Amino acid sequence: YRGAMYPWQSGSDGTEETQLVHLNPRSGKWEPDLSRNQRHVGAAIFYNIWHYYKVTGDFEFLLAYGAEIMLEIAHFWSSAAHFNAARGRYEIHGVMGPDEFHEKYPGSEEEGLRNNAYTNVMAAWIGDSAQKVLELLPERRRRSLCDKIGCSEDEIHGWKDMSERMFVPFHADGIISQFEGYEDLAELDWESYRARYSNIQRLDRILKSEGDTPDHYKVSKQPDVLMLFFLFSDEELRSLFERLGY
């Protein structure tokens with residue numbers, strides 16, 4: 001990938017240090033840990049810098065540091081997304097969303113999921129916001145920064161295209177889906193698990209200790225899609241989805 005991809009868990013020098021295996025205390029077994037596929041960290045950093053600038057008006061920070069970080073993050077997302085000609089939309093594969101219960105599709109050897117809604121919506125928003133960042137910069141700073149990070153006019157056009165044609169999965173009833181295929185997963189027998197275990201907060205550990213996996217079920221550890229409604233106002237989300245043609 002191009003640009004800046006921030007690690008899910010970092011060492012002091014910024015390198016990825018997420019564990020490769022995870023100890024399940026219920027089973028006593030070490031199991032694969034795929035959480036390094038959570039690529040949405042960069043989206044959070046972009047969001048924080050943008051809102052820091054909007055609240056404080058600290059243009060000097062934006063000029064010296066913030067814009068470069070944000071554009072490098074946009075650079076990453078434009079390279080992580082690929083265009084699906086059959087759909088006429090951009091897609092992002094091989095990721096985990098904020099909800100860490102789903103690492104891959106049931107029975108699949110391939111890591112990650114296709115089109116996590118939170119990740120894709122954030123990438124589309126970044127594609128639009130990165131253009132606004134460039135517009136804020138004086139022409140000389142804009143040119144020097146684009147030369148430094150290799151940001152061409154084609155790249156900038158790609159951000160715009162991504163912000164208008166990103167794929168977002170929906171359930172049949174119009175509710176935003178957590179990721180593509182989530183609606184096809186099985187329902188969990190919630191009452192049975194509540195009756196058998198005093199605390200089902202870590203359903204991933206419970207299911208894996210039984211030889212099962214949360215990848216099979218409509219269960220969530222984090223409020224994945226719901227987070228969008230905390231990060232953006234109704235008006236912002238409406239505008240974002242209208243721009244995407246939904």
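Just so you know, these numbers come straight off a predicted model, no measurement behind them.
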Problem - Any side-chain donor near an acceptor of the partner, Asp212 and His216, under 3.5 Å - result: yes
Under 3.5 Å, sequence neighbours excluded: what are the donor-acceptor pairs made by side chains of residues 58-67?
| from | atom 1 | to | atom 2 | distance (Å) |
| --- | --- | --- | --- | --- |
| Asp58 | OD1 | Phe61 | N | 3.1 |
| Asp58 | OD2 | Tyr52 | OH | 2.6 |

Problem - Ring-face cation of Arg39 near Tyr6 (centre distance under 6.0 Å, axis angle within 45°) - result: no
Handout entry: Distance-only polar pair, side chains of Ser35 and Asp33, donor-acceptor under 3.5 Å
Key = yes
Exercise for the section: Report yes or no: do Asp99 and Gln178 form a side-chain donor-acceptor pair below 3.5 Å? Expected result: yes
Exercise for the section: Assess Arg87 against Phe167: is NZ or CZ under 6.0 Å from the centre of the six-membered ring, and within 45 degrees of the ring's axis? Expected result: yes
Exercise for the section: Please determine if Arg89 forms a cation-pi arrangement with Tyr246, meaning its NZ or CZ atom is less than 6.0 Å from the six-membered ring centre and no more than 45° off the ring axis. Expected result: yes
Practice task
For residues Tyr90 and His82, establish whether the separation of their ring centroids is below 6.0 Å.
Solution key: no
Problem - Side-chain donor-acceptor contact under 3.5 Å, Ser108 with Glu110 - result: no
Practice task
Answer yes or no: is there a donor N or O on one side and an acceptor on the other, between the side chain of Tyr217 and the main chain of Leu185, under 3.5 Å?
Solution key: no
Practice task
Determine whether the side chains of Glu100 and Gln38 contain a donor N or O and an acceptor N or O closer than 3.5 Å.
Solution key: yes
Problem - Check: His93/Glu91 side-chain N/O donor and acceptor closer than 3.5 Å - result: yes
